[in-house]
*Asks:* 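To start, I am sharing the structure in question, which I have written as structure tokens.
Residue numbers begin at 1 in each chain, while the letters A, B, ... track the order of the sequences. Values below: every heavy atom of this structure, side chains too, minus hydrogens, waters and symmetry copies.
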Amino acid sequence: MFAEKLKKRGEAQWEIAPFGKMRVPIIIFADEGLIRDMDEQVYQQAANVAALPGIVKASYAMPDAHWGYGFPIGGVGAFDPDAGGVISAGGVGFDISCGVRSLHTGLTYDQIKGNEKELADLLARRIPAGVGSESKLRVTSLEMDDMLQGGALWAVEQGYGHRADLRRIEENGRMLGAEPRYVSDHAKQRQEKEVGTLGSGNHYLEVQRVAAVYSDDLAKAFGLALNDIMVMIHCGSRGLGHQIATDYLAKMIKVAREEGIELADKDLACAPIKSEVGKQYYGAMCAGINCALANRQVLMHLTREAFAQIYSRANLTLLYDVSHNTCKVEEHEIDGHKKKLYVHRKGATRAFGPGHPSLPEDLQASGQPVLIGGTMGTASFILAGTTEGMTLSFGSCCHGAGRAMSRSQATKRWHGKDVVMHLAQKGIIIKGASPRGIAEEAPGAYKDVTAVVNATEIAGLARKVARLEPLICVKG
DNA sequence: ATGTAC
């Protein structure tokens with residue numbers, strides 16, 4: 001019923017005009033192939049988002065979009081607080097500030113060739129991964145609020161990494177506006193042993209080789225060259241973020257009912273930005289962002305320690321750290337006027353263009369590095385934000401390959417052991433916490449990441465800089 | 001995503 005309403009709007013850009021209770025159109029970024037295979041539920045969920053109070057311009061779906069809890073994963077929606085706009089826990093997702101960090105190792109492929117197995121064993125031993133994985137680091141209840149206020153800055157102050165890392169993290173490694181008092185004791189308790197752990201699902205730590213460079217200028221600006229060895233870390237806010245989402249989804253269902261906000265789907269629970277629960281969720285969610293930033297900072301430190309054990313010449317520097325499950329207050333131009341909006345990005349990466357004031361000086365000319373994690377057996381990409389993207393999608397783009405198949409479908413089709421063997425034949429070492437987890441994450445369960453990234457570039461949301469191919473994957 | 005169904 002939605003697919004037949006699609007109108008091609010531009011290169012890799014489609015629109016569904018508002019109908020029913022939609023206040024704004026749906027805009028989907030995808031090529032012909034991706035749009036043909038797009039799950040009808042993505043349109044339904046994007047339409048539900050388009051019907052929420054205070055939504056501005058459009059309800060967006062990225063090329064990697066798929067069904068999610070309330071909002072589609074790969075969905076972007078911006079809300080105006082002065083027009084009754086809402087904030088939604090489902091619009092951020094359960095894994096608050098799930099994101100990707102990319103490190104340059106200072107090594108080239110020649111320097112690690114032949115040592116892959118040793119490096120893989122070392123990383124797997126040092127990086128806690130899997131369901132309920134525990135860290136050697138303990139954050140006591142006394143320190144918890146400092147961590148939730150300080151983010152990666154807190155981690156650096158505890159001895160995990162360097163101050164220089166912070167300028168290559170969104171928000172300089174510390175999200176302002178965090179309000180630990182609005183995070184439940186239960187959520188904090190769940191995090192005590194989990195700072196510096198990978199978690200499970202699609203989370204991983206990967207050692208990668210730069211296999212292609214698409215723009216010499218941008219690669220130079222990002223310090224990348226062919227055959228450089230990089231590390232990509234994908235994880236989020238673990239138990240704490242999950243508990244914040246659980247706590248506030250329940251509160252928001254109640255508030256939405258009291259405020260007379262009609263919800264097409266109860267999973268889309270939300271509260272007016274200016275309501276008490278709306279403000280509390282925002283403060284708690286910012287604390288969740290800091291938790292994820294601290295988590296990735298500690299994991300980077302563990303990675304540095306592992307590399308230092310084998311390679312005295314390794315020098316791991318942070319290229320960038322992006323979150324792809326957030327709601328952020330940003331200034332965007334609407335009808336010629338600057339407006340402060342609450343931009344939800346769920347399974348969508350911020351992709352700010354050149355000259356944006358929030359970028360560090362040495363990235364002003366290039367635009368923001370955009371990190372796209374692919375699947376174990378395929379490739380990941382580094383892109384750069386564009387000026388065009390700022391008006392096309394509030395400076396947002398895809399976040400990964402995007403699931404094409406549910407986890408249960410994937411476990412019926414593949415066995416973890418076979419996936420590991422198949423990837424070994426391609427020269428990729430997988431260190432997995434669970435065979436079932438590996439089956440769920442089989443490359444075949446995902447869309448084609450190359451198609452997703454190409455559609456993103458054709459639409460103008462970001463520019464391709466480099467392709468990374470996996471050598472070692474420590475899987476949650 | 002998640003102490004993978006408090």
Side-chain angles (χ1 to χ4, degrees), chain A residues 45 64-75 88-101 128-135 138-139 183-205 233-250 267-269 281 284-285 287-289 291-296 299 322-327 344-349 373 375-376 399-403 405-412 414 416 432-442 445-446 474-476:
Chain A
Q45 291 193 317
D64 53 338
H66 56 104
W67 180 87
Y69 188 92
F71 269 58
I73 294 165
S88 167
V92 172
F94 273 90
D95 190 5
I96 294 169
S97 196
C98 180
V100 177
R101 168 176 292 221
V131 179
S133 46
E134 291 187 2
S135 176
R138 289 289 180 275
V139 182
V183 178
S184 66
D185 289 342
H186 185 196
K188 291 173 185 175
Q189 192 193 327
R190 284 182 68 173
Q191 197 58 28
E192 286 177 2
K193 299 174 180 177
E194 293 192 342
V195 175
T197 64
L198 209 48
S200 63
N202 63 0
H203 292 166
Y204 58 81
L205 182 148
I233 300 171
H234 179 203
C235 68
S237 53
R238 307 286 285 112
L240 181 127
H242 190 274
Q243 193 59 46
I244 292 172
T246 305
D247 292 342
Y248 280 90
L249 277 165
D267 298 350
L268 208 58
Y281 173 71
M285 185 220 35
I289 291 178
C291 173
L293 297 180
N295 194 24
R296 291 197 285 271
L299 286 165
V322 285
S323 296
H324 49 230
N325 278 2
T326 58
C327 175
H344 296 69
R345 295 188 183 87
K346 182 186 187 181
T349 307
T375 71
M376 294 179 286
H399 83 306
R403 287 202 85 86
M405 193 184 286
S406 72
R407 292 184 178 279
S408 58
Q409 271 178 293
T411 50
K412 277 176 199 146
W414 294 286
S434 93
R436 183 174 139 201
I438 289 172
E440 289 179 357
E441 294 295 319
Y446 280 86
V474 179
K475 195 78 191 151

*Asks:* Nearest whole Å is fine: how far is B:dT2 P from A:Asp267 CG?
*Replies:* 19 Å
*Asks:* Consider the side chain of A:Ser200, meaning its heavy atoms from C-beta on, and name the nucleotide among B:dG3, B:dT4, B:dT2 that approaches it most closely.
*Replies:* B:dT2
*Asks:* Provide, to the nearest angstrom, the distance between the CZ atom belonging to A:Arg407 and the P atom belonging to B:dA5.
*Replies:* 12 Å
*Asks:* What pairs meet the salt bridge (charged side-chain N to carboxylate O under 4.0 Å, His left out) rule with one or both residues in residues 187-196 of chain A, with sequence neighbours excluded?
*Replies:* A:Asp145-A:Lys188, A:Glu194-A:Arg238
*Asks:* In whole angstrom, give the distance that lies between atom CD of A:Gln409 and atom P of B:dT4.
*Replies:* 22 Å
*Asks:* For the pair A:Ser200 (side chain) and A:Gly476 (backbone), establish whether a donor and an acceptor sit closer than 3.5 Å, ignoring hydrogens and angles.
*Replies:* no
*Asks:* Once you apply a heavy-atom cut-off of 4.0 Å, does A:Gly201 come out as touching a base, just sugar-phosphate, or nothing?
*Replies:* sugar-phosphate
*Asks:* Measure CD1/A:Ile244 against P/B:dG3 and give the value in whole Å, please.
*Replies:* 13 Å
*Asks:* For A:Glu194, which contact category applies under a 4.0 Å heavy-atom criterion: base, sugar-phosphate, or nothing?
*Replies:* sugar-phosphate
*Asks:* What does A:Arg190 touch in the nucleic acid at a heavy-atom separation under 4.0 angstrom: a base, only the sugar-phosphate, or nothing?
*Replies:* base
*Asks:* Please report, rounded to the nearest Å, how far the P atom of B:dT2 is from the CD1 atom of A:Ile96.
*Replies:* 12 Å
*Asks:* Output the single nucleotide from B:dG3, B:dT4, B:dT2 whose closest atom is nearest the side chain of A:His203.
*Replies:* B:dT2
*Asks:* Taking atom types as they are modelled, would you say the side chain of A:His242 forms a donor-acceptor pair with the base of B:dG3 within the 3.5 Å cutoff?
*Replies:* no
*Asks:* Answer with base, sugar-phosphate or nothing: what part of the nucleic acid does A:His234 contact at a heavy-atom distance below 4.0 Å?
*Replies:* nothing
*Asks:* Scan side-chain atoms only and decide if A:Asp95 and A:His203 contain a donor-acceptor pair under the 3.5 Å cut-off.
*Replies:* yes
*Asks:* Round to the nearest Å and state the distance from A:Asn325 atom CG to B:dT2 atom C1'.
*Replies:* 13 Å
*Asks:* When you measure from the side chain of A:Glu441 to the backbone N and O of A:Met376, does any donor-acceptor pair fall under 3.5 Å?
*Replies:* no
*Asks:* Cut-off 3.5 Å, side chains only: do A:Arg296 and A:Ser323 have a donor facing an acceptor?
*Replies:* yes
*Asks:* Output the rounded distance in Å from CZ (A:Arg238) to C1' (B:dG3).
*Replies:* 10 Å
*Asks:* Roughly, in whole Å, what's the span from CZ in A:Phe94 to P in B:dA5?
*Replies:* 12 Å
